[in-house]
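Structure record follows, encoded as C-alpha cells.
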Amino acid sequence: MNVVRLKIPATAEYLDIVRLSLYGVATKLGFSYEDIEDMKVAVSEACNNAVLHGEPESGHAGQIEISYESGDGKLVVKVKDDGTGFNYQEHSENAAPLAGASPSELQPGGLGIYLMQALMDEVVVNTDAGTEVTLVKYVQTQITD
Amino acid sequence: MSAEKFQVDQQESEESIQLHIRGELDLAAALTFRHALEEVVHRADKALILDVGQLRYIDSTGIGIVVSALKIRDELKAPFSVRNIPASIRKLFDLTGISGFLNEGIEGRA
C-alpha cells in the first residue's frame, strides 16, 4: 500500500490543488479519464463539506488532511477535518438527485453527498473526532482478447 | 493537466443575454458565478443563455446556483437555457437530474 498525503488550509482557494494531486495519483494507477473526472468531483464534494462545516471550535480556520492510499486494485481517498461535525447521517439519508415536475419544486440540497455516493464505489463517514470521509474507487481492469 | 481559472464572459444581443463560463466552477469560483448571474437573472426582457462549452469542472456548488437561477427564471416566466454541454458535465447534469430542466436547443422559449 502506497500513501500520499496532503494537508491544506480549509479554504476554498486550495481545492484545485486537491484535484491536481488526485489527478497525479489516479493517473499512476491507470484509472480511466472518466473515472478520474468522477473522483475529482467526489473528493471535491468531501472537501467542500470540510471547508463549509469543518471549522474547529477554536474558531480559527482549520486544515483538511487528504490521503491517497493505493493498492489491491483500488484507491482509497480519505478527507479529514477537525470540525465540530456535519450531520452526515441525516444528510446522507436525504441525499438524492433533484426531483420535481417543475423548477419551483426543485430543492438543491443534498446533491453533494448524493454525488459522492453515485461517483465512488464506497463511501464511509466517521465522525468520532472531527469528520473523516473515506472514498473508495476500484480500478477497472481492461478485458483484452 | 492544470487548474483552469474560472471566468465569465457576458454578451448581449437583441434577443438574448449569453453568459459564457469557462474553467473550473468549484466552491472558490461560486461567488463569481453567483454575482454574474445575479446581474442578469432578473432581466425578463430577453432570453438568458448559459453557454458551458468551455467549462472544465462543475460540482454540486455550481449546479445548486444553476438551480437557483432556473427557479427565478421560471417564476418570471422568462426563458433560460444551457447550451454546448461537454460530455463530462452532461454526465453530472444527468446524475443530478437537472438535465430535463435545461431547455437545450429551445433558446428563446420560456
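Throughout, a chain's letter reflects where its sequence line sits, starting with A, and its residues are numbered from 1.
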Heavy atoms from other residues, nucleotides or ligands near CD of A/Glu105 exceed 12 (cutoff 6.0 Å)
yes

Determine whether more than 12 heavy atoms belonging to other residues, nucleotides or ligands lie under 6.0 Å from atom CD of B/Glu75.
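Atom CD in B/Glu75 is not packed in, count stays at 12 or less.
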
Structural part of A/Leu115 lying under 4.5 Å from a heavy atom of chain B:
side chain

Which atoms of A/Ile17 approach chain B - backbone, side chain, both or neither, heavy atom under 4.5 Å:
neither

Of the non-hydrogen atoms in B/Gly97 and A/Pro97, which two are nearest, and what is the gap between them?
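Where B/Gly97 meets A/Pro97 most closely, the heavy atoms are N-CB, 4.4 Å.
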
Using only atom types and a distance under 3.5 Å, with no angle test, would you say the side chain of B/Tyr57 pairs donor to acceptor with the backbone of A/Asp16?
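No; zero donor-acceptor contacts below 3.5 Å.
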
Check: B/Ser60 main-chain N/O paired with A/Glu45 side-chain donor or acceptor under 3.5 Å:
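Judged by distance alone, yes, a pair lies under 3.5 Å.
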
What distance separates B/Leu95 CG from A/Gln117 CD, expressed to the nearest 0.5 Å?
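If we round to the nearest 0.5 Å, B/Leu95:CG and A/Gln117:CD are 12.0 Å apart.
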
Let me confirm one number: the NZ-CD distance from B/Lys91 to A/Glu37, rounded to the nearest 0.5 Å.
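With rounding to 0.5 Å, NZ (B/Lys91) is 9.5 Å from CD (A/Glu37).
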
Name every donor-acceptor pair, under 3.5 Å, that has one atom in a side chain of residues 67-79 of chain A and the other anywhere in the protein, sequence neighbours excluded.
unit_1	atom_1	unit_2	atom_2	d
A/Tyr68	OH	A/Val18	O	3.2
A/Tyr68	OH	A/Ser21	OG	2.7

Are A/Val136 and A/Ile113 connected, step by step, through hydrophobic side chains (Ile, Leu, Val, Met, Phe, Trp, Tyr) whose heavy atoms are closer than 4.5 Å?
no

State plainly whether one hydrophobic cluster holds both A/Val133 and A/Ile8, where clusters connect Ile, Leu, Val, Met, Phe, Trp and Tyr through side-chain heavy atoms under 4.5 angstrom apart.
yes

Residues of residues 61-71 of chain B under 4.5 Å from chain A (heavy atom pairs)?
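Checking residues 61-71 of chain B against chain A gives B/Thr61, B/Ile63, B/Gly64, B/Val67, B/Leu70, B/Lys71.
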
Greatest number of heavy atom pairs closer than 4.5 Å to chain B - which of [options]:
options	result
A/Thr11, A/Val41, A/Leu111, A/Asp38	A/Val41
A/Ser44, A/Ala118, A/Gly112, A/Pro103	A/Pro103
A/Cys47, A/Ala99, A/Ser104	A/Ser104

B/Glu24/A/Arg19 salt bridge by N-O under 4.0 Å criterion
yes

Chain A interface, residue from B/Leu27, B/Leu92, B/Ile72 that has the most non-hydrogen pairs under 4.5 Å:
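It is B/Leu27.
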
